[in-house]
Amino acid sequence: MNGANVRIQWLKMRDQVSARAVASKQSQEAVLVMAAQYGALSDADREVVNELLAEQLLSAEETIRFDAIALVSRFEITSALPALHHLSDWLESQQFPGAPYEWAKANRVMGELAKTSDG
């Protein structure tokens, strides 16, 4: 499968899973389903999705960022470190109520990934 198709399929799957999870008031369930889908990807497809997840860390939508950071953390996607740094910098200047918590999470994940990439 080519990279464009992988991106399109991942985005479609994410939207469907997220919509079902929100409708059933089980929003955390979306991350579990996406993690299972990610685990089933080939190495080549994972590279494409890793790039997409790094992009999603910078999304204007909090739920998209939440899902992306959860997967980046769970699967130790060190290639997302630059995007996490950018997210952290952006969150520092934001005033929405969840910004400090999201900033803390982004920094925690950066620390975890830095340990992974160092050792």
inquiry  = Quick check: closest heavy atoms across Ala70 and Val31, and the distance to 0.1 Å?
reply    = CB-CG1, 3.7 Å

key: Minimum-distance pair of heavy atoms, taken over all atoms of Val48 and Gly3   = CG1-O, 3.4 Å

query = Is it the case that one hydrophobic cluster holds both Leu113 and Val49, taking links as side-chain heavy atoms less than 4.5 Å apart, direct or via other members?
reply = yes

query = Could you give the distance from CH2 (Trp10) to CG (Asn5), rounded to the nearest 0.5 Å?
reply = 15.5 Å

query = With a 4.0 Å cut-off, would you call Glu112 and Arg108 a salt bridge?
reply = yes

message = Determine whether Gln37 and Val17 satisfy the following criterion, side-chain contact (heavy atoms from CB on, under 4.5 Å), listing intermediate values before the conclusion.
response = CA-CA 11 Å; Gln37 293 290 325; Val17 166; 5.9 Å; no

task = Using atom types as modelled and distance alone, determine if a side-chain donor or acceptor of Arg65 lies under 3.5 Å from a backbone N or O of Ser59.
result = yes

message = Give me the atom names and distance for the closest heavy-atom approach of Ala4 to Asn2.
response = N-OD1, 3.1 Å

ask   = Does Met13 share a hydrophobic cluster with Ile69, counting links as ILVMFWY side-chain heavy atoms below 4.5 Å and allowing steps through other members?
value = yes

Polar contact flag, side-chain donor to acceptor under 3.5 angstrom, Asn50-Tyr38 = yes

message = Checking Leu11 now: which residues fulfil side-chain contact (heavy atoms from CB on, under 4.5 Å) with it, not counting sequence neighbours?
response = Leu52, Gln56

message = Take a 6.0 Å sphere around OH of Tyr101 and say whether it holds more than 12 heavy atoms from other residues, nucleotides or ligands.
response = no

task = Look at the side-chain heavy atoms of Ile, Leu, Val, Met, Phe, Trp and Tyr, link any pair under 4.5 Å apart, and say whether Leu32 and Met34 land in one connected group.
result = no

query = Quick one: do Glu55 and Arg7 make a salt bridge, cutoff under 4.0 Å?
reply = yes

Option passing side chain to side chain contact (heavy atoms under 4.5 Å, CB included) with Val109 (candidates Ile77, Leu81, Val72) = Val72

inquiry  = Assess, by modelled atom type and distance only, whether the side chains of Asn107 and Ser88 contain a donor and an acceptor separated by less than 3.5 Å.
reply    = yes

note = dist Phe66:CZ -> Thr63:OG1 (nearest 0.5 Å) comes out at 9.5 Å

ask   = Can you tell me how far the CD atom of Glu47 sits from the OG atom of Ser42, to the nearest 0.5 Å?
value = 9.0 Å

remark   = d(Leu41 CG, Phe75 CZ) to nearest 0.5 Å is 8.5 Å

message = If the condition is side-chain contact (heavy atoms from CB on, under 4.5 Å), which residues does Ser24 pass it with, not counting sequence neighbours?
response = Gln26

task = Could you pull out the closest heavy-atom pair between Ala83 and Ala54, with the gap in Å?
result = CB-O, 3.4 Å

Test item: Ser18 side-chain N/O and Asp15 main-chain N/O as donor-acceptor pair under 3.5 Å = no

ask   = What is the distance from atom CG of Leu57 to atom NE2 of His85, rounded to the nearest 0.5 Å?
value = 11.5 Å

ask   = How far does CZ of Arg14 sit from CG of Leu71, to the nearest 0.5 angstrom?
value = 9.5 Å

message = Show, in sequence, the C-alpha distance, side-chain angles and deciding distance for Phe96 and Glu102, and conclude whether the side-chain contact (heavy atoms from CB on, under 4.5 Å) test is met.
response = CA-CA 10 Å; Phe96 63 90; Glu102 193 174 348; 3.7 Å; yes

